[in-house]
Enquirer: 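Shown below is the structure under consideration.
Proteins get letters first, then strands, A, B, ... in listed order; numbering begins at 1 in each. Just so it is clear, the values below take in all heavy atoms, side chains as well, and ignore hydrogens, waters and symmetry mates.
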2 protein chains.
Amino acid sequence: MISKNTDLKARRREEILNMATPIFAERGYQRTDLQVVADRLKVGKGTLYRYFPTKRALFLAAVRRGMHCLTAYVDGAVKDLSDPLEQIAGGIRAYLEFFQTNPSLVELIIQERAEFNDRSRPTYFEHRDANMGRWKDLIRRMIAAKQVRDIPVERVSEVIGNLLYGTMFTNYFLGATKSHDMQTEDILDIVLHGILNPESGGSEAVTKRKSTKRPISSGRKIKEKMRGLSLE
Amino acid sequence: MISKNTDLKARRREEILNMATPIFAERGYQRTDLQVVADRLKVGKGTLYRYFPTKRALFLAAVRRGMHCLTAYVDGAVKDLSDPLEQIAGGIRAYLEFFQTNPSLVELIIQERAEFNDRSRPTYFEHRDANMGRWKDLIRRMIAAKQVRDIPVERVSEVIGNLLYGTMFTNYFLGATKSHDMQTEDILDIVLHGILNPESGGSEAVTKRKSTKRPISSGRKIKEKMRGLSLE
DNA sequence: CCTTGCGGACGGACTCGTCAGTCCATATAC
DNA sequence: GTATATGGACTGACGAGTCCGTCCGCAAGG
């Protein structure tokens with residue numbers, strides 16, 4: 001009996017989140033009137049407050065739910081792939097694909113950052129950190145297998161993570177023009193092989209720099225030149 | 001006489017933007033009360049409205065101003081570099097450096113997206129597009145010089161652009177742990193050389209895929225598996 | 001050199017709309 | 001009949017934008 005009620009309550013919460021998510025996404029957090037959410041659900045505003053203590057809690061629950069869906073989606077896409085490289089490719093593709101079919105979540109992520117800059121770290125990064133470990137392990141194994149160069153794992157995971165993060169936003173803001181398949185290819189091409197021409201005589205001088213401690217360091221003097229541009 | 005007045009007005013606008021920028025950044029757009037801005041300037045709220053017709057206009061002026069500073073900073077840092085590769089490195093470093101010393105602008109960029117999702121494209125991308133052309137030219141020249149592989153210019157500029165965008169946000173949200181010099185190195189290492197081990201026998205099978213039309217395409221069946229996860 | 005009058009810049013009290021969250025009268029279930 | 005869920009009117013806070021009385025700098029006139 002209790003479980004049934006609890007179950008019912010959980011289902012109701014889901015329904016509310018389902019309705020609230022696109023409204024939050026469309027109007028933004030501040031400009032969303034919970035009365036509107038209630039009306040669309042054909043429910044009184046008071047009822048909403050029985051399920052979520054504050055507007056903020058309701059909103060954050062929606063974000064958390066969205067991030068869970070993302071994780072589940074990517075995990076599911078990667079699960080059955082054995083080849084490490086295919087796992088990476090599949091993960092990237094699933095990530096971009098998910099956000100393309102669920103633009104609401106992008107908006108929610110933005111709204112969260114905009115409204116709750118008091119939170120220690122955004123929900124996105126909490127989930128990101130929770131899942132990053134598995135990807136790092138994968139890369140470590142690839143390095144051990146000599147498939148990937150011997151570079152710090154952090155460097156690889158960070159660069160790829162940031163690249164995906166940026167790509168996801170750009171796709172949303174500018175409207176993705178390519179399919180995620182082609183986009184995945186583009187990303188992989190550069191991340192896997194780099195942009196330098198390996199056969200170029202000219203690039204050798206450049207490539208050699210890589211071995212020095214501070215490869216390309218003409219930035220010190222630039223810094224001196226650029227004073228007085230500060231914003232605040 | 002007229003020009004002196006106009007000048008004065010312009011200087012006053014600058015002062016207002018100077019004061020408003022950190023307040024918008026700290027409290028967010030919606031939660032910023034223009035009365036507070038006025039108070040800090042020791043000025044009446046009415047005076048603010050003499051210089052900017054609406055809160056929105058004041059805010060957007062602050063964003064535009066910030067993006068101009070960024071552009072000027074990066075341009076200045078790159079101007080005197082002749083080697084194309086150093087130009088890229090210098091540009092990346094300057095970009096990250098600027099946002100690290102001007103976190104307010106990051107916040108303003110987020111706030112703009114969060115509040116004005118009606119705008120066709122965010123100020124950031126307007127400026128980005130305006131400046132991207134010169135970078136594309138640079139890459140084209142590098143390809144012609146065989147310094148860079150013969151891949152679509154768009155692919156290079158997009159991937160690097162998105163990577164920087166994502167890195168900038170991540171630095172801000174998580175608090176950059178590394179210096180931008182080291183970060184620039186990390187980014188360049190991967191973007192220039194890729195992560196694959198060029199000497200690996202195992203990676204050859206993988207590298208070969210690159211030449212096929214659709215390199216790694218196990219994504220079709222995944223898509224079928226993942227139904228019912230949609231957010232909305 | 002002082003006085004008076006004028007035009008534009010300024011301040012900040014005020015208005016008005018908007019919501020988050022509450023609370024109690026009512027409906028429904030048992 | 002009691003207990004619990006529900007609706008939606010209501011309250012209180014907040015803040016954008018307005019509006020009018022005031023102040024200041026300057027010019028002409030005494």
Side-chain angles (χ1 to χ4, degrees), chain A residues 1-17 19-21 23-63 108 111-112 114-119, chain B residues 1-17 19-63 108 111-112 114-118:
Chain A
M1 190 54 111
I2 282 168
S3 86
K4 196 171 139 197
N5 272 341
T6 314
D7 215 45
L8 188 74
K9 194 144 188 167
R11 220 171 319 124
R12 206 73 124 79
R13 284 173 58 102
E14 280 295 300
E15 273 168 40
I16 293 175
L17 292 179
M19 187 57 81
T21 295
I23 300 178
F24 274 131
E26 196 186 318
R27 310 257 316 156
Y29 175 79
Q30 291 275 8
R31 289 163 57 208
T32 293
D33 183 351
L34 285 197
Q35 188 64 61
V36 172
V37 178
D39 289 351
R40 292 249 197 121
L41 282 163
K42 302 216 171 80
V43 136
K45 192 159 67 159
T47 307
L48 251 46
Y49 279 87
R50 313 186 73 58
Y51 292 92
F52 297 94
T54 59
K55 185 187 187 183
R56 179 182 170 127
L58 168 55
F59 175 80
L60 290 178
V63 181
L108 257 47
Q111 292 293 327
E112 188 201 0
E115 299 306 325
F116 309 123
N117 53 6
D118 56 319
R119 273 171 73 81
Chain B
M1 191 54 110
I2 282 172
S3 88
K4 197 171 141 198
N5 273 342
T6 313
D7 216 44
L8 189 76
K9 195 145 189 165
R11 222 171 317 124
R12 209 71 126 75
R13 283 175 58 102
E14 281 293 303
E15 272 168 40
I16 294 175
L17 292 180
M19 188 56 82
T21 296
I23 299 178
F24 275 130
E26 195 186 317
R27 312 255 317 154
Y29 176 78
Q30 291 276 7
R31 292 162 56 205
T32 292
D33 183 351
L34 286 198
Q35 187 63 63
V36 172
V37 178
D39 289 351
R40 292 248 198 121
L41 283 163
K42 303 219 170 79
V43 137
K45 194 158 67 157
T47 307
L48 252 45
Y49 278 87
R50 184 161 272 88
Y51 291 92
F52 297 95
T54 58
K55 185 186 185 184
R56 178 181 169 127
L58 168 54
F59 175 80
L60 290 178
V63 181
L108 258 46
Q111 293 293 328
E112 187 201 2
E115 298 308 324
F116 309 123
N117 53 7
D118 56 318

Enquirer: Give the rounded distance in Å between these two atoms: CD of E115(A) and P of dC19(C).
Expert: 13 Å

Enquirer: In whole Å, I'd like the distance from the CZ atom of R50(A) to the P atom of dA20(C).
Expert: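 Spelled out: CZ on R50(A) to P on dA20(C) is 19 Å.
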
Enquirer: If you take all heavy atoms of A62(A) and L17(A), which pair is closest and at what distance?
Expert: N-CD2, 3.7 Å

Enquirer: Distances under 3.5 Å only, N/O to N/O: pair up the protein atoms with those of nucleotides 14-17 of chain D.
Expert:
residue, atom, partner, partner atom, Å
dA16(D), OP1, T32(B), O, 2.8
dA16(D), OP1, K55(B), NZ, 2.5
dA16(D), OP2, D33(B), OD1, 3.0
dA16(D), OP2, L34(B), N, 3.1
dA16(D), N7, K45(B), NZ, 3.0
dG17(D), OP2, Y49(B), OH, 3.0
dG17(D), OP2, K55(B), N, 3.1
dG17(D), N7, K45(B), NZ, 3.0
dG17(D), O6, K45(B), NZ, 2.9

Enquirer: Tell me the interatomic distance from F24(A), atom CZ, to dA20(C), atom C1', rounded to whole angstroms.
Expert: 12 Å

Enquirer: Quick one: side-chain hydrogen bond (donor to acceptor under 3.5 Å, both in side chains) pairs with a partner in residues 33-45 of chain B, sequence neighbours left out?
Expert: Q35(B)-D39(B)

Enquirer: Between dG11(C) atom P and L48(B) atom CG, what is the distance in whole Å?
Expert: 10 Å

Enquirer: Answer yes or no: does atom CD of E15(A) have more than 12 heavy-atom neighbours from other residues, nucleotides or ligands under 6.0 Å?
Expert: yes

Enquirer: Specify the separation, in whole Å, of atom CZ of R11(A) and atom P of dA5(D).
Expert: 16 Å

Enquirer: Keeping to residues at least two apart or across chains, list the salt bridge (Lys or Arg N to Asp or Glu O under 4.0 Å) pairs with something in residues 49-62 of chain A.
Expert: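 Qualifying pairs, neighbours excluded: R56(A)-D118(A).
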
Enquirer: Quick check on dT6(D): is either OP1 or OP2 less than 4.0 Å from any side-chain nitrogen or oxygen of R12(A)?
Expert: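 Yes, because at least one side-chain N or O of R12(A) sits under 4.0 Å from OP1 or OP2 of dT6(D).
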
Enquirer: Take atom CG of D39(A) and atom C1' of dC19(C), then tell me their distance rounded to the nearest Å.
Expert: 13 Å

Enquirer: Work out how much the helix from dC1(C)-dG30(D) to dC30(C)-dG1(D) bends between its end axes, five pairs an end, to the nearest 10 degrees.
Expert: 10°

Enquirer: Specify the closest pair of heavy atoms between A61(B) and F52(B), including all atoms of both residues, with the distance to one decimal.
Expert: CB-CE2, 3.9 Å

Enquirer: Sequence neighbours excluded, which residues qualify as salt bridge (charged side-chain N to carboxylate O under 4.0 Å, His left out) partners of E14(A)?
Expert: R65(A)

Enquirer: Atom CG of L41(B) and atom CG of L48(B): how far apart are they, to the nearest 0.5 Å?
Expert: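 If I round to the nearest 0.5 Å, the distance is 6.5 Å.
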
Enquirer: Who are the ring-ring contact (aromatic ring centres under 6.0 Å, His included) partners of Y29(A), not counting sequence neighbours?
Expert: F24(A), F59(A), F116(A)

